[in-house]
Amino acid sequence: MALLHHPFISNNSLARTLPFSPLPHNLTTATRKTSRATVSVAELLIPKTRLKQGRRGSIFCSAVAEVGGGALVDEKEGGGSEDDRVFLGHTLVEEEKGQVGRVEYDWREEWYPLYLTRNIPDDAPLGLTVFDKQLVLYKDGSGVLRCYEDRCPHRLAKLSEGQLVDGKLECLYHGWQFEGDGKCVRIPQLPKGAQIPRSACTKTYEVRDSQGVVWVWMSDKNPPNPDKLPWFENFARPGFQDNSTIHELPYDHSILLENLMDPAHVPISHDRTDWSAKREDAQALVFKVTERTDRGFAGEWSKESEQDNPSSLRFDAPCVLQNNRVIVNNKGEKHYLSGLFLCRPAGQGKSMLIVRFGSTVGSFLPKVIPKWYIHQNACKVFEQDMGFLSSQNEVLMKEKVPTKELYINLRSSDTWVAEYRKWMDKVGHGMPYHFGHRTISLPREPAVVEHAPAGLIAGASASLPAKGGLGTTHAPNPANRYFRHVVHCKDCRSAIQAFEAWKNALSIMALASTALAILVSGRQWKALLLVSTALFLAGVQACSSVIAINTTNFIRHHRRL
């Protein structure tokens, strides 16, 4: 079960991820010798703190904090040098080597993960975004995947709101139809004998189906570069089995990636979500960066007590994060475990995540546990993160300063977060917007606001991917579990529809049984029919509970510790 739930792989489990709360960045130290080189957040923020305003409204601290086995870190006002054993930041050596310099980068010259192949509908177009570029993906009459700009050249209506007619994509505004490479093949309003204008065509994008994921090449200048299309070795191994889900999330993809790179938050944020996350297990972690390139970084991490068997992490541009692990069993056989996260930027304050957990270890649990149950537990984990990730996104947009001005990055928990933001410093100039460690570029285009259909068609459209209806369950709100996950997941939609059907059938049977109990005269028959009614109502309640589990957000109940 742990393999199916958690992004980070350790000796005993795979774990999940979250960012560190923004705190004043200029907390510097003059440190006495200590037996331990780690410090917790609570230990850093011990009383005896004096605050004063600094540049850009930042706060300078003067504090005495207990470190390790009782040694003290004396925080000087607005000065001093950071303790390298505790804090993270650029060093002079890094700057001299040019590791924080800009490199050539263009966000369009990349492949982006669009969707899980198995969840693409056969009978409807699918509206998706990469940053603020709106796309429509569909299968034509031959089952070939096609991707266009999501707007009709006639009057700019969204083609994703259209329908498929004989394998052609039809705009529902005036019925223009498109096929293949975006050519318009039908305009109902043309007079007889008139030619369809050559300009009546859509902009197309190249897509590829690779290892169960559809990728799109965003460049309009250069042909697709196959060398940049990600390939994941573990997923091609014989006997490798995975459980994959897709989630729409209400915060920026950089916040999402930062969250997924952070194993330190798991015991706290996801305490008791399942047996592997417990707040008493929170501790200092050990990180080692093994590779830095212009396209990402890689390294190893472990708990202090498990340094002999670390987990690996790799980030590759533009939005791929992997956690891999190799386990050797008693027979000397190697087994491979992977947590793969494909984090597509879906616009300002929005992202879409494809999660893929898999291994070569055979397990009976995925066969006996319904997929909808595994998926709803994954939704619960993201909902536990959602509140502070969304607020973190808001703070970054409001403050408009690099993360160096806002974060306190600890060496024992935030190494990957710092590496990622420093990578942003290198390539951010080639992105629509970014928040780096030392640099930022704010969005230059207004955010795209999506509107869901309303009225009589709302209920029907809510059952289609990337659509949303009105009402509690189907509300087109990215904080809503149904809208975030269920509309994108065939398994969960099918399960909910099946339980809805059973609920209705059992309700009818309960009414019929009750009516017969009233009409019959024999006591035994009355008792039997009333017992049947009770069983039918119990079934109705069970079906309602399953539907609620899949459509109701997790609510955190604070408990006394």
Side-chain angles (χ1 to χ4, degrees), residues 1-17 116-119 211-213 234-235 237-248 260 266-267 269-278 323-325 327 329 335-342 353-385 473 481-482 484-503 506 538-556:
M1 280 299 286
L3 179 63
L4 300 176
H5 287 101
H6 296 290
F8 287 93
I9 305 171
S10 66
N11 270 343
N12 300 321
S13 67
L14 305 174
R16 198 147 232 117
T17 48
L116 285 169
T117 307
R118 66 182 305 271
N119 284 335
Q211 296 182 295
V213 175
N234 281 353
F235 284 77
R237 295 184 186 277
F240 194 88
Q241 298 179 350
D242 73 278
N243 185 285
S244 302
T245 59
I246 188 166
H247 306 266
E248 196 167 358
L260 295 169
V266 174
S269 301
H270 307 306
D271 180 27
R272 268 71 183 181
T273 296
D274 62 26
W275 57 268
S276 61
K278 300 177 181 178
N323 287 273
N324 297 314
R325 191 172 186 82
I327 295 178
N329 63 17
H335 286 286
Y336 301 87
L337 296 83
S338 283
L340 176 62
F341 307 93
L342 309 177
L353 171 65
I354 296 174
V355 184
R356 311 193 74 185
F357 290 113
S359 74
T360 55
V361 181
S363 175
F364 73 95
L365 289 177
K367 299 177 182 178
V368 299
I369 299 176
K371 283 189 177 180
W372 60 261
Y373 182 83
I374 297 172
H375 290 192
Q376 66 84 26
N377 198 61
C379 288
K380 181 192 301 183
V381 172
F382 288 112
E383 287 154 9
Q384 289 172 336
D385 292 348
T473 300
R481 183 180 291 190
Y482 190 96
R484 278 197 341 273
H485 170 70
V486 176
V487 295
H488 300 292
C489 180
K490 282 185 177 180
D491 293 317
C492 290
R493 284 204 313 278
S494 298
I496 290 175
Q497 290 168 359
F499 280 107
E500 287 277 11
W502 275 106
K503 176 184 174 182
L506 290 170
V540 170
Q541 179 60 38
C543 291
S544 298
S545 298
V546 172
I547 294 169
I549 285 174
N550 283 277
T551 58
T552 305
N553 279 16
F554 165 83
I555 298 175
R556 189 184 299 276

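A donor-acceptor distance shorter than 3.5 angstrom exists from the side chain of Gln376 to the backbone of Tyr373, with no hydrogens or angles considered. Within the 3.5 Å criterion, the main-chain N or O of His488 finds a donor-acceptor partner in the side chain of Asn119. Thr360 contributes a side-chain N or O that, together with a main-chain N or O of Tyr336, makes up a donor-acceptor pair within less than 3.5 Å. Side chain of Lys380 to backbone of Thr273: no donor-acceptor contact under 3.5 angstrom is found. Although no hydrogens or angles enter the test, the distance criterion places no donor-acceptor pair under 3.5 Å between the side chain of Arg356 and the main chain of Ser338.
Nearest approach of Val546 to Asn550, heavy atoms of both residues: O-ND2, 2.9 Å. When all heavy atoms of Asp385 and Ser269 are compared, the pair lying nearest together is OD1-CB, 4.2 Å. Considering every non-hydrogen atom in both Phe554 and Arg481, the closest pair reads N-NH2, 3.6 Å. Across His375 and Asp491, no two heavy atoms sit closer than the pair CE1-OD2, 4.4 Å. Closest non-hydrogen pair, Trp372 versus Ala495, comes out as CD1-CB, 3.8 Å. In terms of heavy-atom proximity, Ile547 sits nearest to Thr551 at O-OG1, 2.7 Å.
Cys379 is listed as a side-chain neighbour of Arg484, based on a closest heavy-atom distance under 4.5 Å. Asp242 places none of its side-chain heavy atoms less than 4.5 Å from the side chain of Leu340. By the 4.5 Å heavy-atom criterion applied to side chains, Val213 and Leu116 are counted as neighbours. Between Arg493 and Lys490 there is a side-chain heavy-atom pair separated by less than 4.5 Å.
A ring-ring contact (aromatic ring centres under 6.0 Å, His included) with Phe382 is found for exactly one of His247, His485, His270, namely His247.
Here the SG-OH distance, from Cys489 to Tyr482, works out to 11.0 Å after rounding to the nearest 0.5 Å. Between Arg325 atom CZ and Leu337 atom CG the span is 8.0 Å, to the nearest 0.5 Å.
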Pair Asn243-Thr245, side-chain contact (heavy atoms from CB on, under 4.5 Å): steps then yes or no: CA-CA 7 Å; Asn243 185 285; Thr245 59; 4.1 Å; yes

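Ring geometry for Phe357 versus Phe341: interplanar angle over 60°, hence perpendicular rather than tilted (30 to 60°).
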